[in-house]
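Everything numeric in this text was worked out from a predicted model, so none of it was measured.
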Amino acid sequence: SINHTRLIGPKIKHSYAGDDKMAEPLLKRICQDSHQLCEDQAKHINPLDIRKAILHDLTEPLVFRGYLSSFGCEDEYVPQWKCMEWGASDWLKIFEEKVLKFRVGTRVKENRVLSAPQWETTCLKANMTFSEFLQWSQGKRTSLTSCNQEVNCNDHWAYFDYYYMKDLEHVDQMKGAVDWSLFGFPDKEIRDSTFWMGTAGANTPCHIDTYGCNLVAQIIE
């Protein structure tokens, strides 16, 4: 089944100013269980402070737990982004029958060790539509890679990445689905975002992007 769906925001140039006095309390406020993040606390997180921390203060990844899901104190689900309420069938309507390029890797079974990391450039490649991928991820079909190897979801994971949302035919109808202003970037929206979706186990080896930093929002688990 589908395990991760992420929207990746604009690539942002990061410059560290050496002052982490602001970053530390911000980290403590944000990294809480989403059920404990009450409305008053949420209002205390100024998006401009988040922006400053991202651009100048943070030197390691920062996780915002439940930040897009709910700010209520009574388990009230109040999505901050429209797309937080979408399921696989909603994304199917958006991608329609577009052919998507997937990277395919081998699942590591128990007591098995890979001889080398599964680098992005060495992964198998397969083309599927979104609906075909849904069927494949549920074990209802197999797929052929570019080298004519048959792969299935029991033995392989797959993902497609960095799909530029601006290239979607009906992207204008998705206005408001993404709102990066919550992180201090009000000028960025769906057209500035890319899409990543993968099955359980899909991964890229640990790495550092040298161009600055990414804002990544996981919208389906």
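Once rounded to the nearest 0.5 Å, the distance linking NZ of Lys82 with CG of Asp90 reads 13.0 Å. Taking CZ from Arg51 and CG from Leu215, the interatomic distance works out to 10.0 Å, rounded to the nearest 0.5 Å. Put simply, SG on Cys123 and NE2 on His156 are 10.5 Å apart, with the number rounded to the nearest 0.5 Å. Here CD of Gln118 is found 5.0 Å from OG1 of Thr106. Values are rounded to the nearest 0.5 Å. Between the OG atom in Ser137 and the CE atom in Met128 there is a gap of 8.5 Å [rounded to 0.5 Å]. Residue Phe195 holds its CZ atom at 8.0 Å from CD1 of Ile94, rounded to the nearest 0.5 Å.
With sequence neighbours excluded, no residue forms a side chain to side chain contact (heavy atoms under 4.5 Å, CB included) with Val113. Listed by chain and number, the residues in a side chain to side chain donor-acceptor pair (under 3.5 Å) with Thr204 amount to none (sequence neighbours excluded). For the ring pair (Phe, Tyr, Trp, His ring centres under 6.0 Å) test, residues two or more places apart in sequence or in another chain that qualify with Tyr163 are Phe95. Partners of Pro47 according to the side chain to side chain contact (heavy atoms under 4.5 Å, CB included) rule, which considers only residues two or more places apart in sequence or in another chain, do not exist here. Partners of Gln135 by side chain to side chain contact (heavy atoms under 4.5 Å, CB included), not counting sequence neighbours, listed by chain and number: Lys140, Arg141. Every residue was checked against the side chain to side chain donor-acceptor pair (under 3.5 Å) condition with Lys98, not counting sequence neighbours, and none meets it. In terms of the ring pair (Phe, Tyr, Trp, His ring centres under 6.0 Å) criterion, residue partners of Trp86 (sequence neighbours excluded) are, by chain and number, Trp91. For Ser181, the side chain to side chain donor-acceptor pair (under 3.5 Å) test picks out Asp179, with sequence neighbours left out.
The two residues Ser143 and Ala126 have their closest heavy-atom pair at OG-CB, 4.0 Å.
Under a 4.5 Å side-chain heavy-atom criterion applied to ILVMFWY residues, the cluster that includes Val99 comprises that residue alone. Chaining together hydrophobic side chains whose heavy atoms lie under 4.5 Å apart leaves Trp119 on its own.
Side-chain contact check for Val151 versus Leu124: some heavy-atom pair is nearer than 4.5 Å. No side-chain heavy atom of Trp180 sits under 4.5 Å from any side-chain heavy atom of Asp192. By the 4.5 Å heavy-atom criterion applied to side chains, Arg107 and Cys153 are counted as neighbours. Side-chain atoms of Met165 and Ile190, non-hydrogen and from C-beta on, do get closer than 4.5 Å to each other. Between Met174 and Leu168 there is a side-chain heavy-atom pair separated by less than 4.5 Å. Side chains of Thr129 and Leu100 form no contact here, defined as non-hydrogen atoms less than 4.5 Å apart. Using a 4.5 Å heavy-atom cutoff, the side chains of Phe64 and Ile50 are in contact. Within the 4.5 Å cutoff, the side chain of Tyr159 has no heavy atoms near those of the Met197 side chain.
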- request: Check the pair Phe185, Leu55 against side-chain contact (heavy atoms from CB on, under 4.5 Å), reporting the backbone distance first and the verdict last.
  value: CA-CA 11 Å; Phe185 297 91; Leu55 295 178; 4.3 Å; yes
message: As a quick check of understanding, evaluate side-chain contact (heavy atoms from CB on, under 4.5 Å) for Lys101 and Asn127, giving each step before the final call.
response: CA-CA 5 Å; Lys101 297 179 180 181; Asn127 293 334; 3.5 Å; yes
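A donor-acceptor pair is defined here as one N or O able to donate and one able to accept, closer than 3.5 Å; such a pair exists between the side chain of Asn46 and the backbone of Leu48. Judged by distance alone, the side chain of His56 and the main-chain N or O of Lys52 form no donor-acceptor pair under 3.5 Å.
Results of the ring-ring contact (aromatic ring centres under 6.0 Å, His included) test with Phe102 over Trp136, Trp196, Phe160 single out Phe160 as the only residue that passes. Shown are Asn203, Val108, Val104; of these, the side-chain contact (heavy atoms from CB on, under 4.5 Å) with Trp157 is made only by Asn203.
Pairs passing the salt bridge (charged side-chain N to carboxylate O under 4.0 Å, His left out) check and including a residue from residues 167-177, sequence neighbours excluded, read Asp172-Arg191. Under the salt bridge (charged side-chain N to carboxylate O under 4.0 Å, His left out) criterion, the residue pairs touching residues 146-166 are Arg103-Asp161, Lys109-Asp155, with sequence neighbours excluded.
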